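Predicted, not measured: the structure shown is a model, and the values here were computed from it.
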Amino acid sequence: EISECLVGSEMCIRDSSNKSYDLSFANTVDWASLKTTRMSGDGTFDVNYDANSGFPRMATIFIQGPGNADTVYLKQHGLMTPELTFPNQNIIVKGEGGPVEADIQTNVDFEDMAVVIEYTSEEGIEWISQMDIVDGKFVFEAQGNSSETKLRNARITLSYVDGWNQKIASTLYLTCLLYTSDAADEA
């Protein structure tokens, strides 16, 4: 049986056992610490944790003794809620390609996002590269469409998984127009 009581920035967890057991974090965490790593019999153990000014996070504490084990999940809300939205999910890309930008509303760093590109055209050419988020814009480079008869289509899905394994995602749908010699002459 595990119960918890919150006191300031310390949590005491009650454990009922008639054996000795070890306590450890599943992964290294820099925002929480155990006051002890070895217990014997019924009792409580304390976990110190820092305030969370970021996104929700979680630490896993293993309780391991001879012949038994248990897990405690320490979940902490953050002052921030992850946001990730393309206000306009449909973008037309010029047939000659070049830099493309789309408005994005996010407070998540691009480096922390997963990116999945699905090319839905039959030709199988990967024509999107050099993606980033700059000043509220999702920017990327589009290779020109060499076809004069077939549009290109793709979906770019950006996603983020917070510390509680909650996923948010937004998808941008792209249509790359036909290449025309008029567009090349104007450029």
Side-chain angles (χ1 to χ4, degrees), residues 24-32 49-62 71-187:
S24 63
F25 284 103
N27 296 310
T28 303
V29 294
D30 60 359
W31 56 273
Y49 56 92
D50 296 336
N52 185 3
S53 60
F55 299 130
R57 60 188 177 188
M58 181 171 57
T60 304
I61 301 170
F62 290 138
T71 305
V72 174
Y73 297 98
L74 176 61
K75 289 180 153 185
Q76 188 181 38
H77 288 281
L79 292 179
M80 297 173 55
T81 300
E83 297 174 15
L84 176 57
T85 305
F86 287 109
N88 177 10
Q89 293 184 301
N90 298 292
I91 298 291
I92 303 295
V93 177
K94 294 178 183 177
E96 63 269 19
V100 180
E101 62 181 41
D103 290 335
I104 189 167
Q105 296 170 345
T106 187
N107 56 0
V108 177
D109 290 335
F110 184 67
E111 297 78 30
D112 295 332
M113 295 180 192
V115 179
V116 174
I117 302 173
E118 297 175 80
Y119 297 97
T120 55
S121 304
E122 296 174 7
E123 62 188 5
I125 295 174
E126 295 182 2
W127 50 276
I128 298 167
S129 64
Q130 301 176 21
M131 295 170 285
D132 202 355
I133 294 177
V134 179
D135 298 327
K137 304 282 186 190
F138 175 66
V139 296
F140 61 93
E141 189 72 25
Q143 179 184 342
N145 184 357
S146 58
S147 174
E148 293 185 11
T149 59
K150 292 185 179 183
L151 298 175
R152 285 182 176 161
N153 295 293
R155 288 188 293 265
I156 302 174
T157 301
L158 304 180
S159 62
Y160 171 74
V161 179
D162 71 16
W164 293 12
N165 291 322
Q166 300 295 309
K167 181 178 181 178
I168 60 170
S170 192
T171 300
L172 185 65
Y173 299 89
L174 307 171
T175 299
C176 185
L177 298 177
L178 302 176
Y179 175 82
T180 62
S181 57
D182 294 340
D185 293 341
E186 291 174 14

Nearest-0.5 Å distance that lies between atom [atom1] in [X] and atom [atom2] in [Y]:
X: I156; Y: L174; atom1: CD1; atom2: CG; result: 4.5 Å
X: L151; Y: N145; atom1: CG; atom2: CG; result: 7.5 Å
X: D103; Y: T85; atom1: CG; atom2: OG1; result: 12.0 Å
X: T171; Y: L158; atom1: OG1; atom2: CG; result: 8.0 Å
X: W164; Y: M58; atom1: CH2; atom2: CE; result: 9.0 Å

Side chain of E126, backbone of I117: donor and acceptor closer than 3.5 Å? no
Donor-acceptor pair, R155 side chain versus V116 backbone, under 3.5 Å? no
On the 0 to 90° scale, with breaks at 30° and 60°, tag the F86-F138 ring pair as parallel, tilted or perpendicular. perpendicular
Non-hydrogen atoms of A154 and Y119 that approach each other most closely: CB-CD2, 4.0 Å
Show the nearest heavy-atom pair for residues F55 and N52, with the distance to one decimal. O-ND2, 2.9 Å
Residue pair T60, N27: steps toward the side-chain contact (heavy atoms from CB on, under 4.5 Å) verdict: CA-CA 7 Å; T60 304; N27 296 310; 5.9 Å; no
Any side-chain heavy-atom pair from [X] and [Y] closer than 4.5 angstrom?
X: V139; Y: E101; value: yes
X: L74; Y: W31; value: yes
X: Q89; Y: S170; value: yes
X: Y179; Y: S146; value: no
X: S129; Y: Q143; value: no
X: I104; Y: L84; value: yes

Report the C-alpha separation of K167 and V161 in whole Å, then their side-chain angles, then the decisive distance to 0.1 Å, and conclude whether the side-chain contact (heavy atoms from CB on, under 4.5 Å) test is met. CA-CA 4 Å; K167 181 178 181 178; V161 179; 4.1 Å; yes
Flag the pair D162 and R57 as a salt bridge only when some basic side-chain nitrogen lies within less than 4.0 angstrom of an acidic carboxylate oxygen. no
Go through the steps to decide whether F62 and T71 satisfy the test side-chain contact (heavy atoms from CB on, under 4.5 Å), and finish with yes or no. CA-CA 5 Å; F62 290 138; T71 305; 3.9 Å; yes
